[in-house]
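The structure under discussion appears below in the form of structure tokens.
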There are 2 protein chains.
Amino acid sequence: MNKSALINKRSLEDQAADLIREDIVNGELTPGTRLVETSLAKEYGLSRGTIRIALHQLGTESLITQVPYAGWSVAQLTGQDLWELSTLRTTLEGMAARLAAEHITAAGAEQLKAVYADLLECCAGEDFNAITRADLALHKAIVDLSGHGRLARQYQLIENQLLSYISVSNQSFDPAVVGSSHRALVDAICEGRVDDAAAEAVHSITDAEQLQQVL
Amino acid sequence: MNKSALINKRSLEDQAADLIREDIVNGELTPGTRLVETSLAKEYGLSRGTIRIALHQLGTESLITQVPYAGWSVAQLTGQDLWELSTLRTTLEGMAARLAAEHITAAGAEQLKAVYADLLECCAGEDFNAITRADLALHKAIVDLSGHGRLARQYQLIENQLLSYISVSNQSFDPAVVGSSHRALVDAICEGRVDDAAAEAVHSITDAEQLQQVL
DNA sequence: TGTCACTGATTGTCCGACAATCTTACCTGA
DNA sequence: TCAGGTAAGATTGTCGGACAATCAGTGACA
């Protein structure tokens with residue numbers, strides 16, 4: 001059995017990026033917060049160069065922005081950003097759902113239904129944060145089932161940005177609707193109905209207008 | 001008039017990344033070529049740390065790959081990679097064409113037609129490399145017209161990877177067909193026919209099968 | 001023949017230093 | 001009072017050197 005993934009072989013640069021990223025998407029670092037290389041280096045017990053590469057990484061993920069010689073700060077999403085994220089996400093998910101439906105397997109269908117069951121369970125409660133994450137987990141599962149590495153990587157970037165936004169906005173919606181609105185999507189994929197899957201994927205996304213309205 | 005773009009204010013890290021990237025997409029650095037940090041540092045007259053950040057940047061663009069403690073090397077595209085690039089590109093371009101058609105302006109239409117004229121001119125000759133670049137320039141113009149920053153950035157990544165592939169494979173196709181096959185796409189966008197634009201975008205792309213066949 | 005230790009090459013990470021640039025606060029003069 | 005300039009401080013940009021960690025190849029040895 002391959003346990004190499006369990007062993008900590010990741011570079012310190014990557015680990016630092018992970019930790020900082022987590023703080024951002026969890027909302028502990030709110031938009032506009034300034035990140036200082038020397039402070040982070042001291043905080044994590046790493047050298048400045050190592051932190052620097054981690055920050056550059058997060059910069060390419062658009063989670064933080066940089067002004068030359070002035071500093072890094074957690075990105076602030078504008079209305080345009082939300083529109084871009086929402087439209088891009090819709091397009092990519094439509095593609096993912098189509099591909100997933102094209103070569104769905106019995107094992108894949110089982111997996112997908114399990115994730116959907118998790119979502120339904122969360123929707124029975126009132127923990128909006130948990131519901132949001134279960135929602136994203138379902139969509140992420142679909143992307144993974146598409147068997148498209150670049151698509152998955154691209155989707156991940158968007159997902160991180162959306163998470164960082166969602167965690168700071170106390171959203172309110174009807175949990176029951178969220179749960180049931182994904183049923184058609186899951187069914188279409190599991191039954192291999194490619195066109196239906198692509199169409200349902202577009203429907204099941206909370207779009208930017210709705211997110212903005214929440215603010 | 002804003003001439004800030006003309007002044008060299010870019011960091012050495014970015015400039016180094018640009019130079020190396022150009023060598024890759026131009027085919028001077030063929031897939032599999034190893035890139036050594038110290039050698040590049042000496043070659044460009046920069047410190048190793050600066051080169052290192054540039055290489056990380058190129059790594060996130062999937063132009064080079066890295067094996068821990070072993071080294072960097074120019075990425076080698078597999079059949080799966082070509083499929084991913086082609087399908088992702090098709091999806092993104094369909095989206096771009098739709099958006100471009102939605103809010104096309106007179107100035108935008110002029111610009112697009114100019115780029116298309118360039119392509120036609122190239123197709124009159126036999127310089128396949130020039131044709132390929134003019135082709136990509138047209139598609140890039142459409143992406144820019146979509147007014148979608150993230151879409152443009154994502155498209156750029158794919159474009160760079162395709163260029164690096166194309167420059168090493170001596171492709172052969174009929175120049176006349178390439179030129180004329182884009183006419184419907186340009187017209188649909190300029191006339192604001194969104195659905196036609198999206199459909200034509202998909203048609204006008206040389207897909208992965210064709211590329212692979214060339215090898 | 002297969003295994004092990006050794007060696008060289010390259011990246012991973014740290015430290016310290018200084019230059020370049022932005023930010024801020026203060027000061028000056030009309 | 002306020003526009004504009006100046007100086008100080010903070011932060012990033014870039015450099016050089018150093019050593020550890022790891023990988024790839026080589027050769028000796030059982």
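First the proteins, then the strands, lettered A, B, ... as listed; each starts at 1.
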- Message: Would you call the rings of B:His139 and B:His182 parallel, tilted or perpendicular, taking 30° and 60° as the class edges?
- Response: perpendicular
Rounded off to whole Å, could you give me the [atom1]-to-[atom2] distance for the [X] and [N] pair?
X       : N      : atom1 : atom2 : value
B:Leu35 : C:dT11 : CG    : C1'   : 13 Å
A:Arg10 : C:dT13 : CZ    : P     : 11 Å
A:Leu12 : D:dA21 : CG    : P     : 12 Å
B:Lys42 : C:dT10 : NZ    : P     : 11 Å
B:Glu37 : D:dT14 : CD    : P     : 16 Å
B:Arg34 : D:dG25 : CZ    : C1'   : 12 Å
A:Ile64 : D:dT12 : CD1   : C1'   : 13 Å

- Message: Using OP1 and OP2 only, check whether a side-chain N or O of B:Gln66 sits under 4.0 Å from C:dG12.
- Response: yes
- Could you identify which residues of residues 43-53 of chain B place a heavy atom less than 4.0 Å from some atom of DNA chain D, listed by residue number, or say none? B:Gly45, B:Leu46, B:Ser47, B:Arg48, B:Thr50
- Message: Please determine whether side-chain hydrogen bond (donor to acceptor under 3.5 Å, both in side chains) holds for the pair A:Gln15 and A:Tyr44, giving the CA-CA distance in whole Å, both sets of side-chain angles, and the decisive distance to 0.1 Å.
- Response: CA-CA 10 Å; A:Gln15 294 183 54; A:Tyr44 288 102; over 6 Å; no
- Kindly write out the residues that satisfy side chain to side chain contact (heavy atoms under 4.5 Å, CB included) with B:Ala75, not counting sequence neighbours, or none if the list is empty. B:Thr65
- Message: Let me spell it out: for each of A:Tyr69 and B:Ala70, pick the nucleotide of DNA chain C with the closest heavy atom. Which residue's pick is nearer the 5' end?
- Response: B:Ala70
- Task: Go through the steps for A:Asp81 and A:Thr78 under the test side-chain hydrogen bond (donor to acceptor under 3.5 Å, both in side chains), then give the verdict.
- Result: CA-CA 5 Å; A:Asp81 289 323; A:Thr78 66; 3.1 Å; yes
- Should the pair B:Glu84-A:Arg153 be classified as a salt bridge under the 4.0 Å nitrogen-to-oxygen rule? no
- Task: Indicate yes or no: does A:Arg52 engage B:Glu13 in a salt bridge with an N to O separation below 4.0 Å.
- Result: yes
- Query: So which one's nearest nucleotide on DNA chain D is more toward 5', B:Pro68 or A:Leu55?
  - Reply: A:Leu55
